[in-house]
Amino acid sequence: MAEVELWIGIDVGKRTHHACAIDHAGTVVWSRRVDNDQTAIDDLIRSVGTANVRWAVDLTSAVASLLLTLLTLAEQHVVYIPGRVVHTMASAYRGEGKTDAKDARLIADIARTRTDLDTVMVPEPLVLNLRHLTGYRAELIADRVRTVNRLRGLLNSIFPALEIELRFLGRSALLLLSTFCTPGAILGVGADGLDAHLAGLGVRSDRRRTVVTAALAAAQRQTCVVAGEEVTAALVRRMAGRLLAIDSETKEVDEQIQDLFRQHKYARALESVPGIGARLGAEFLVETGGTLDGFATAGHLASYAGLVPVPRDSGRITGNLRRPKRYNRGLRRMFYLAAQGSLSTDGPSREYYQHKRGQNKVHTQALLAVARKQVDVVWALIRDDRVFTPEAPGRLRAA
């Protein structure tokens with residue numbers, strides 16, 4: 001492999017990027033601002049000429065998509081430097097001052113001095129689409145949490161008994177709140193009116209009975225009208241309608257994620273693992289780029305997910321381990337949730353969890369141990385192109 005002649009660090013931005021090139025001695029060759037459009041980025045790549053270059057970026061999110069795509073099409077070698085690393089090194093390189101030019105030079109110099117950085121690979125279109133869908137779904141869930149908290153606060157200010165009775169805010173409760181959310185309105189229409197209203201919206205009879213009983217019980221405990229009830233009730237109705245819309249949109253996005261996920265070659269193996277459905281499987285594809293080619297072993301994948309402790313030795317004190325600080329948080333979250341889901345049914349995961357609890361591990365420690373085991377399972381299934389079975393393949397063949 002030819003010796004690298006230039007290291008180019010790019011401080012990624014929404015409208016413009018800043019690129020800085022340094023040589024093998026760390027001397028700045030050039031530094032300039034580049035617009036975030038194809039013409040400007042193509043001109044930057046062409047200006048490098050035939051030099052052997054290593055590019056480095058501090059972001060691989062959506063704002064860097066065009067940049068990374070053009071670098072990939074030009075067959076350039078790009079490495080990723082995590083923001084935590086850039087932040088840690090910043091004070092040593094640039095002092096207190098901060099500019100895009102200084103950040104770009106810092107990124108280039110880190111790429112020059114380190115050989116353990118991950119190479120950036122642009123995922124296939126299917127995985128990119130899953131990235132956008134899963135990201136949008138996460139935003140919907142965050143919007144729902146904020147809206148639920150706001151609705152609860154408003155409802156509690158005018159009708160606390162109803163907020164307590166409908167604490168889980170399922171679909172039937174939201175359908176009720178979108179029309180009736182004050183003691184007067186609920187008592188005015190009565191049990192038959194509430195039941196007929198919910199029935200017309202498609203709520204099952206058992207759910208109708210539960211919600212109507214709870215609403216009437218709450219209304220009978222409050223006879224006074226709280227100041228500001230009219231405007232607050234209108235806001236509660238509006239937020240209940242917004243939550244219903246969010247739930248409907250989330251369901252549509254989940255269906256899109258499932259359809260796309262099942263088109264991937266890993267889908268069959270991933271979905272067979274207890275605790276990993278289409279949504280978590282899609283998150284796995286997004287966080288790994290849709291391929292395990294960059295992971296030599298299951299241990300490497302587990303380390304990338306932050307499920308392998310790192311040593312913290314000093315002097316004569318050895319054997320200390322701690323959780324790593326540099327790992328993929330999304331992948332760790334995915335395996336953690338998968339481990340939680342796998343405990344809902346009998347099987348190897350629950351047995352292993354109970355085994356760890358029997359070793360005096362707390363719940364979180366035992367769950368992380370299950371997640372680490374699941375990494376091995378996923379790795380083996382994808383490697384062998386097969387689906388999960390409770391029994392090991394060797395035992396099945398012996399039988």
Side-chain angles (χ1 to χ4, degrees), residues 8-20 33-45 55-87 100 103-104 106-108 110-111 117-146 246 249-250 252-261 263-264 266 278-291 293-294 304-305 326-334:
I8 302 178
I10 300 181
D11 182 47
V12 176
K14 292 181 180 179
R15 295 185 177 180
T16 61
H17 312 305
H18 199 102
C20 178
R33 190 174 295 277
V34 182
D35 290 336
N36 189 18
D37 65 58
Q38 182 171 352
T39 301
I41 296 172
D42 280 338
D43 289 344
L44 172 67
I45 296 173
W55 303 75
V57 295
D58 63 335
L59 284 177
T60 58
S61 57
V63 295
S65 294
L66 178 61
L67 172 68
L68 296 177
T69 299
L70 294 174
L71 288 172
T72 301
L73 291 175
E75 298 181 345
Q76 299 294 309
H77 184 191
V78 187
V79 297
Y80 168 60
I81 301 177
R84 180 185 292 273
V85 175
V86 177
H87 177 74
D100 292 344
D103 287 344
L106 168 61
I107 292 168
I110 294 174
L117 300 171
D118 296 327
T119 299
V120 177
M121 304 294 292
V122 177
E124 59 182 300
L126 187 150
V127 176
L128 285 174
N129 289 334
L130 283 174
R131 175 185 294 175
H132 295 314
L133 284 171
T134 55
Y136 183 62
R137 186 187 189 280
E139 292 175 1
L140 286 175
I141 298 302
D143 286 345
R144 190 184 198 283
V145 172
R146 284 192 293 269
I246 289 175
E249 190 171 3
T250 302
E252 292 177 7
V253 172
D254 283 341
E255 291 174 355
Q256 286 182 278
I257 290 174
Q258 179 176 283
D259 292 342
L260 268 180
F261 166 71
Q263 296 175 28
H264 196 274
Y266 293 168
R279 184 167 57 81
L280 289 181
E283 291 183 14
F284 175 86
L285 297 180
V286 168
E287 300 301 338
T288 59
T291 178
D293 292 345
Y304 183 63
R326 182 183 167 194
Y327 59 91
N328 186 297
R329 272 116 179 112
L331 193 60
R332 180 187 175 94
R333 172 185 174 277
M334 172 261 155

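Within a 6.0 Å sphere centred on CZ of R329, heavy atoms belonging to other residues, nucleotides or ligands number more than 12.
Looking at every heavy atom in both residues, I8 comes nearest to A108 through C-CB, 4.1 Å. For the pair L67 and V57, the tightest heavy-atom approach, listed with the atom from each and the gap, is CD2-CG1, 4.1 Å. Of all the heavy atoms in R279 and I257, the pair that sits closest is CA-CG2, 4.4 Å. The nearest pair of heavy atoms linking E283 to M334 is OE1-CB, 4.1 Å. Pairing each heavy atom of I45 with each of L70, the nearest pair is CD1-O, 3.8 Å. Contact detail for V86 and I110: the closest heavy-atom pair is CA-CD1, 4.3 Å.
At least one side-chain heavy atom of V120 sits under 4.5 Å from a side-chain heavy atom of L68. In this structure, L140 and E249 have side chains that are in contact, with non-hydrogen atoms separated by less than 4.5 Å. With a 4.5 Å cut-off on side-chain heavy atoms, D100 and R33 count as touching. Taking 4.5 Å as the limit, every side-chain heavy atom of L126 sits out of range of all side-chain heavy atoms of F261. In this structure the side chain of H17 reaches within 4.5 angstrom of the side chain of V12, judged on heavy atoms. Side-chain contact between F284 and L331: present, with at least one pair of heavy atoms (C-beta onward) separated by less than 4.5 Å.
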Apply the test side-chain contact (heavy atoms from CB on, under 4.5 Å) to residues K14 and N36: give CA-CA distance (whole Å), side-chain angles for both, the deciding distance (0.1 Å), then the verdict.
CA-CA 7 Å; K14 292 181 180 179; N36 189 18; 5.8 Å; no
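Within the model, atoms CZ of R146 and CD1 of I141 stand 11.0 Å from one another, a figure rounded to the nearest 0.5 Å. Considering OG1 of T16 and CG of D11, their distance stands at 8.5 Å, rounded to 0.5 Å. Atom OG1 of T288 and atom CE of M121 lie 12.5 Å apart (nearest 0.5 Å). Taken from CG in D254 to CG in D259, the straight-line distance is 11.0 Å, to the nearest 0.5 Å. Interatomic distance, I10 CD1 to I107 CD1, rounded to the nearest 0.5 Å: 8.5 Å. Here CG of L71 is found 9.5 Å from CG of D42. Values are rounded to the nearest 0.5 Å.
Sorted by first then second residue, the side chain to side chain donor-acceptor pair (under 3.5 Å) pairs that include residues 123-133, not counting sequence neighbours, are E124-H264.
In this structure, the side chain of D118 does not engage the main chain of Y80 through any donor-acceptor pair within 3.5 Å. No donor-acceptor pair under 3.5 Å is formed between the side chain of D35 and the backbone N or O of D37.
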